Protein chains: 2
Amino acid sequence: MAGPANFLTRNKSIILYGIFLAVLLFLLKWLELRFLIINHAFEIYAGSIAVLFTALGIWLALKLTKPKTILIEKEIFTERTGAFILNEKELTKLNISKRELEVLQLMSEGLSNQEIASKLFVSLNTIKTHNARLFEKLEVKRRTQAIETAKKLSLIP
Amino acid sequence: MAGPANFLTRNKSIILYGIFLAVLLFLLKWLELRFLIINHAFEIYAGSIAVLFTALGIWLALKLTKPKTILIEKEIFTERTGAFILNEKELTKLNISKRELEVLQLMSEGLSNQEIASKLFVSLNTIKTHNARLFEKLEVKRRTQAIETAKKLSLIP
DNA sequence: TGAAAAATCACCCTAAAGTATGAAGGCGAA
DNA sequence: TTCGCCTTCATACTTTAGGGTGATTTTTCA
């Protein structure tokens, strides 16, 4: 088998060629470095174009396309219990006035006293008075109970 | 009058000349094109970058824009028939736990928080916490609204 | 037309409801 | 075993609801 020295002599030309190539590459690199500014100028130019036209593309897309829309259907549940029939007998029996019934209905819809007051264009205190009378007549202590009872008596839907 | 063949023979040279001119112009155009490509390599390169990045920009914009969402309220009518059937789908959908449902039921019966707490052997604060979570999940602000919504969703009788 | 009923409102006070935040223990799924 | 969810509870604070009382103004109807 041939030793390392033998290997070197046998491939001398190839090695030299390799070294020559390396040097050449180095020179080229050096030259490239010298023209760094020029080269970079080009790259900067190209980069600027890239950035600018990317922006242009985005702008174009945003301006000229119809906005994507996703339709989300939100379910609103509504009662359809045929027709609500007000129990007028009970109403008379309990001596509940129109206004009180009105307040009762709004109450059952989840409105606060203030909201009811605003809706009926009266003061908060008035609603409180109506409530007090209602609770008395319905023999309950809270609005939630009033709603329960009123529904059972078919005073409200 | 002369026929078509006569016309061709009489103007043979002119036609040939025309053809020759056409070919020459075509050649020139072709040469011009080659010339353009060679001498305007940079411009072509820049143009390519521009086109490419415009496309990139458009792609980016289309891909990364959040679609606008439009809420459409859809009315759902619920029949209130004899036996109460718990809407478990809605229950799962709204992520309401058993305990919360329990509180909701008692709430709808007109019980106060303290009464619910006593009935379930827990503290008042616990009920308040359950309520807060319930209101959040049902997207309501008050217990009366919670009852309203829950009834419509068939979460409670 | 005058009394009764209904509707309106105010004030003060208490109770209940609701908000916000933090935390601890249990329990089942990954 | 860790992680997320449920359940529990607490503290502190704000808001709303409700009670009691009294008063004025409409409306209704005999």
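So you know, we letter chains A, B, ... as the sequences are listed, proteins then strands, and number each from 1. Nothing here was measured: the structure is a model prediction, and the numbers come from that model.
- A chain of hydrophobic side-chain contacts below 4.5 Å, direct or via other Ile, Leu, Val, Met, Phe, Trp or Tyr residues, connects A/L91 to A/F84.
- Sorted by first and then second residue, the salt bridge (charged side-chain N to carboxylate O under 4.0 Å, His left out) pairs with a member in residues 102-114 of chain B read B/R99-B/E102; sequence neighbours excluded.
- Nucleotides of DNA chain C lying under 4.0 Å from heavy atoms of chain A occupy a range whose first and last members, 5' to 3', are C/dA6 to C/dA17.
- The CG-C1' distance, from A/L134 to D/dA17, rounds to 14 Å in whole Å.
- The stretch residues 113-130 of chain B touches DNA chain D through B/V122, B/S123, B/N125, B/T126, B/T129, B/H130, each having a heavy atom under 4.0 angstrom from the strand.
- Clustering ILVMFWY residues whenever any of their side-chain heavy atoms sit less than 4.5 angstrom apart, transitively, puts B/M107 in a cluster other than the one holding B/F121.
- When every heavy atom of A/R142 is checked against every heavy atom of B/L111, the shortest pair comes out as NE-C, 4.0 Å.
- The minimum heavy-atom distance linking A/L138 with A/I96 is given by the pair CD2-CD1, 4.0 Å.
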In the 5'-to-3' direction, what one-character label does each nucleotide of nucleotides 25-30 of chain D receive under the scheme B = base within less than 4.0 Å of a protein heavy atom, S = sugar-phosphate only, - = no such atom? ------
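- Between A/R143 atom CZ and D/dT15 atom C1' the separation is 13 Å, expressed in whole Å.
- For the pair B/E136 CD and D/dC5 P, the computed distance is 13 Å after rounding to whole Å.
- Taking all atoms of both residues into account, the shortest heavy-atom contact from B/N87 to B/L155 is O-CD2, 3.8 Å.
- A side-chain contact (heavy atoms from CB on, under 4.5 Å) with A/I116 holds for exactly one of A/T126, A/L104, A/I127; it is A/I127.
- Among pairs with a residue in residues 148-157 of chain A, those fulfilling salt bridge (charged side-chain N to carboxylate O under 4.0 Å, His left out) read A/E148-A/K152, at least two apart in sequence or across chains.
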Carefully, step by step, assess B/L153 and B/L94 under the rule side chain to side chain contact (heavy atoms under 4.5 Å, CB included). CA-CA 11 Å; B/L153 295 177; B/L94 295 178; 3.7 Å; yes
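- The interatomic distance linking B/N131 (CG) with D/dT7 (P) rounds to 13 Å, in whole Å.
- Taking atom CZ of A/R133 as the reference point, atom P of D/dG19 lies 13 Å away to the nearest angstrom.
- Nearest approach of B/G110 to A/T144, heavy atoms of both residues: CA-OG1, 3.4 Å.
- Ion pairing between A/K93 and A/E90 holds under the 4.0 Å rule for side-chain N and carboxylate O.
- Among the candidates B/R133, B/Q105, B/K137, the single residue satisfying the side-chain hydrogen bond (donor to acceptor under 3.5 Å, both in side chains) test with B/E100 is B/K137.
- Computed from C1' positions of five pairs at each end, the angle between the two local axes of the helix from C/dT1-D/dA30 to C/dA30-D/dT1 equals 60°, rounded to 10 degrees.
- Summary of the strand contacts: B/I96 and B/R142 both lie near DNA chain D, and taking for each the nucleotide with the nearest heavy atom, the more 5' one is attributed to B/I96.
- Under the 4.0 Å criterion applied to side-chain N and carboxylate O atoms, A/E115 and B/K141 are not assigned as salt-bridge partners.
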